[in-house]
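A short worksheet on the structure shown next.
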Amino acid sequence: MSVTERIDAYPTRTIGGYGVRAGRPLPFGATPVPAGVNFSVYSEKATRMWLVLFEPGAEQPLAELEFPAAFRIGSVFAMTVFGLDGGSLDDERLEYGFRAEGPFDPEHGDRFDATRVLSDPYARMISGRDVWGTEPDRDRPCPYRSRLVPDDFDWGDDAPLRIPTEDLVVYELHVRGFTRHPSAQVSAPGTYAGLREKIPYLKELGVNCVELMPVFEFDEHDNPRSDPGTGEPLLDYWGYNTVGFFAPKAGYAATGRFGMQADEFKTMVKELHAAGIEVVLDVVFNHTAEGNEQGPTISFRGLDNATYYMLTPAGDYYNFSGTGNTVNCNHPVVRDFILNCLRHWVSEYHIDGFRFDLAAILDRAPDGTPLANPPLLEQLAHDPVLRHCKLIAEAWDAAGLYEVGSFPDYGRWAEWNGQYRDTVRRFLKGDPGTAGELATRVVGSPDLYTGRGTAASVNFVTAHDGFTLHDLVSYNDKHNEANGEGNADGANDNNSWNCGAEGPTEDPEIQRLRMRQMKNAMAILLTSQGVPMLLAGDELARTQAGNNNTYCQDNELSWQDWSPHETGEELYRFVRSLIAFRHAHPLLRGADHPGVCSGSDVSWHGTRAWEPDWSADSRLLAVLRTGDEQIYVAMNSHWEPHDLELPTPQSGTDWYLVADTAAEPPYDIHQPGAEPPLTDPGHYRIAPRSTVILLAR
Amino acid sequence: MTVEVRSREQDGVTVVELDGEITSVTSGELQQRLLPLIGRSSTTVIDLTQVPYISSAGLRTLLLVHRRALREATSTILVGLSEEVRFVMSSTGFLNFFDVRESASSVLGAVRE
């Protein structure tokens with residue numbers, strides 16, 4: 001069968017030396033079509049629009065093609081451009097942007113600036129920050145240029161894994177920080193390819209989901225601060241400052257300098273999937289890198305400021321994100337933008353889910369009012385392409401909207417459970433009055449998520465934002481001097497306890513207590529119902545020297561140090577075994593809250609079986625889960641030991657010891673099938689500040 | 001700018017030596033010259049010793065040739081990859097699709113056996 005050439009593969013006129021014809025308004029962005037490329041961009045108020053073409057690396061444009069009036073449908077400018085001499089455009093040798101003319105009238109929301117070449121909001125790839133950290137040329141016109149990416153990646157049979165949410169063990173990591181340290185011993189440190197080389201480690205650890213901190217293109221140089229010691233500029237290492245929402249971060253690719261970040265990223269996802277590991281992206285839709293009035297005009301501001309940003313009646317930027325601007329998420333055009341962006345990542349990159357940064361902003365109306373039925377969240381919940389991907393909200397914002405437990409969920413949304421974190425931390429350090437709340441937290445927070453099930457609760461003790469687990473038990477206070485703000489940045493309410501000395505200590509007693517506290521945190525987290533999330537490196541006792549806000553620390557403070565050390569090895573073995581224990585026992589992962597038509601039952605115990613102590617000064621709580629088997633977890637944050645009377649196990653079974661955080665390794669945790677029986681079957685002496693896990697069989 | 005293509009038949013194997021950078025500029029013509037060589041023998045060895053760089057479009061051309069060979073029930077073997085080319089192919093996953101050997105002579109020796 002021969003393919004008949006299409007009649008629309010020919011130009012209807014010539015502009016700037018290029019053959020062109022009226023384009024298709026959808027999809028937005030640059031799309032290869034027969035013999036050419038279709039460019040489409042939306043702007044409500046632009047009076048004129050140009051497509052600006054560059055050769056890679058060239059400072060000045062190759063050509064500027066104004067969209068003729070006839071090429072405008074509605075508020076969309078669309079043009080198909082054919083190559084010179086009748087050939088097709090060479091997408092590898094092409095960078096582009098738009099120039100938009102329109103009113104500059106901030107009071108009415110308009111900030112057009114026809115002198116600037118803007119990047120395409122739908123750019124599949126952005127060039128300009130191709131190699132991490134290289135000094136940018138700030139005078140270069142259009143520093144972030146849009147590029148095309150072939151969408152022909154060979155996925156084989158790969159597809160998103162669709163692991164039931166309640167079965168996940170999430171591992172939050174920073175692509176660069178995970179393998180940048182020389183001790184990582186990978187061939188491409190700090191990249192997607194480097195992460196790929198660590199898949200065997202992830203598999204051995206047992207996590208089945210990685211949550212990647214922002215990987216949308218951002219500018220690591222977008223940070224005004226300097227190291228107070230050396231005067232060296234500090235980078236934006238975390239990247240919660242998106243420049244290109246459809247583009248993978250080039251500086252995280254070993255092949256970014258060749259423009260092959262998309263292939264490298266996809267290969268990483270494909271191999272993670274092959275190892276049974278899902279990929280969740282931390283996405284930042286609440287604000288953009290354009291900042292406030294003083295910030296750079298990159299894209300949205302120059303295309304349609306009043307559409308994309310929430311503006312006050314006076315035309316100023318609302319700042320619910322704490323970073324200068326707020327994306328106007330529930331404007332219909334922006335809703336479509338976010339939806340299309342997520343569909344792109346799911347269909348083109350096989351992403352399994354998303355964690356939405358400051359997600360409370362996603363349910364605000366254009367004037368900032370929180371909506372009871374935010375159309376964006378409903379749309380994402382029911383979208384056919386996103387139907388099976390995980391949607392996880394960081395259910396608060398920087399302007400005081402706190403929605404943990406009340407985020408509009410449409411039966412789909414899960415949340416970072418900040419209350420879980422706070423409660424477990426307070427319990428661990430021995431605060432009074434926490435036993436009751438702890439009970440609620442370890443069974444999936446039914447007070448917050450009734451009707452939504454335990455999988456709505458992403459449980460965590462630590463995350464990128466805040467202390468690492470090691471630092472949580474080693475510092476009472478944050479130590480953020482290196483961030484250049486006189487220790488004023490970062491959270492103050494850490495609920496941390498240093499176990500007797502601030503920071504590094506040679507005191508063996510304190511060291512032992514810290515180890516036990518880290519194990520306690522992991523033991524509680526990994527035996528709680530809900531979805532446990534670990535911060536990368538916590539299983540190796542990673543330290544940030546007390547810095548709880550390392551957003552700008554692209555150095556040893558943030559990078560995972562893989563050098564073997566005793567503490568790390570001991571903790572790693574404990575955590576790995578705990579994860580395996582969780583995977584082996586569905587009882588710990590029950591999707592229903594206690595008492596909700598599930599095949600399991602939960603009961604509470606204290607030093608006496610069946611007699612939990614809910615009093616304010618109680619620091620001991622034991623939870624017994626009963627289903628096809630029985631698991632008993634006793635948590636003691638008291639500085640005294642207690643003799644526990646154990647509930648009688650189901651007839652024909654006896655209690656076996658799975659873990660005791662107070663025991664020296666290798667007796668701190670026992671391998672499946674090798675758990676020893678208790679010497680005194682009805683009793684167990686729980687040591688001070690320790691956690692005990694028993695299994696009846 | 002073109003990639004030079006030199007082919008020869010030896011021991012029942014087609015050996016194709018390429019010389020030059022394979023990029024979007026050169027890959028179109030290269031593809032037209034490579035495809036007719038596929039299927040002449042059961043094995044096509046593509047020697048990249050003189051290829052310092054392969055771009056995204058170039059890698060796609062090689063993969064296309066490989067796919068075409070598979071369709072004709074023949075095989076392709078890449079040899080003579082520079083460290084840089086190997087690194088790029090490995091990082092982007094393209095290496096996984098190919099049978100890669102050290103040099104053309106190692107393949108010819110193996111086939112002869």
Side-chain angles (χ1 to χ4, degrees), chain A residues 32 55-56 83-85 87-95 124-125 127 147-156 158 179 186-197 199 248 250 252-274 349-350, chain B residues 1-3 18 20-35 38 46 48 51-72 75-78 81-100 102:
Chain A
E55 280 190 309
L84 297 168
D85 308 322
S88 60
L89 283 182
D90 177 353
D91 55 26
E92 198 166 287
R93 302 279 310 153
L94 179 74
E95 297 179 337
R124 266 47 172 187
M125 187 156 79
S127 72
R147 293 190 61 176
L148 283 87
V149 187
D151 58 357
D152 58 357
F153 185 77
D154 192 330
W155 284 100
D158 181 75
T179 66
V186 296
S187 54
T191 66
Y192 306 123
L195 173 53
R196 215 173 106 207
E197 289 182 49
I199 290 175
Y252 286 168
T255 57
R257 64 188 192 279
F258 304 127
M260 295 193 221
Q261 54 268 36
D263 285 326
E264 187 176 323
F265 192 111
K266 289 171 185 176
T267 299
M268 173 191 75
V269 174
K270 189 179 172 183
E271 295 200 0
L272 281 162
H273 282 173
Y349 287 86
H350 289 197
Chain B
M1 215 163 58
T2 57
V3 175
L18 307 184
E21 291 194 350
I22 311 177
T23 66
S24 60
V25 176
T26 58
S27 60
E29 189 189 325
L30 176 63
Q31 189 176 312
Q32 285 176 10
R33 297 189 58 188
L34 271 179
L35 288 179
I38 297 303
I46 300 177
L48 301 169
V51 176
Y53 174 65
I54 307 179
S55 78
S56 164
L59 292 173
R60 285 173 161 75
T61 297
L62 290 184
L63 189 53
L64 187 85
V65 168
H66 175 63
R67 291 263 180 264
R68 186 69 69 88
L70 287 180
R71 200 169 75 184
E72 300 188 13
S75 65
T76 48
I77 298 173
L78 300 186
L81 277 65
S82 71
E83 207 171 305
E84 174 96 331
V85 165
R86 182 182 282 270
F87 177 76
V88 169
M89 289 186 71
S90 163
S91 298
T92 52
F94 279 90
L95 204 58
N96 296 339
F97 295 109
F98 293 99
D99 183 352
V100 178
E102 203 55 41

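Just so it is clear: chains get the letters A, B, ... in the order the sequence lines come, proteins before strands, and each one is counted from 1.
- At distances below 3.5 Å, not a single donor-acceptor pair connects side-chain atoms of A:E197 with backbone N or O atoms of A:V186.
- Applying salt bridge (charged side-chain N to carboxylate O under 4.0 Å, His left out) to B:R60 and the options A:D154, A:D91, A:D151, A:D263 leaves one that passes, A:D263.
- Proximity to chain A is absent for every atom of B:L64, based on heavy atoms less than 4.5 angstrom apart.
- Heavy-atom proximity under 4.5 angstrom to chain B picks out A:A254, A:T255, A:R257, A:F258, A:M260 from residues 254-262 of chain A.
- Looking only at distances, a side-chain donor or acceptor of A:R196 sits under 3.5 Å from a matching main-chain atom of B:S91.
- In this structure, OG1 in A:T179 is found 7.0 Å from CG in A:L195, a value given to the nearest 0.5 Å.
- In this view, A:E264 satisfies the salt bridge (charged side-chain N to carboxylate O under 4.0 Å, His left out) rule with no residue, not counting sequence neighbours.
- Only the side chain of A:K270 comes within contact range of chain B, judged by heavy atoms closer than 4.5 Å.
- Exactly one residue among B:L62, B:I46, B:L81, B:I77 makes a side-chain contact (heavy atoms from CB on, under 4.5 Å) with B:F98. That residue is B:L62.
- The closest donor-acceptor contact from the side chain of B:S90 to the backbone of B:L95 lies at 3.5 Å or more, if one exists at all.
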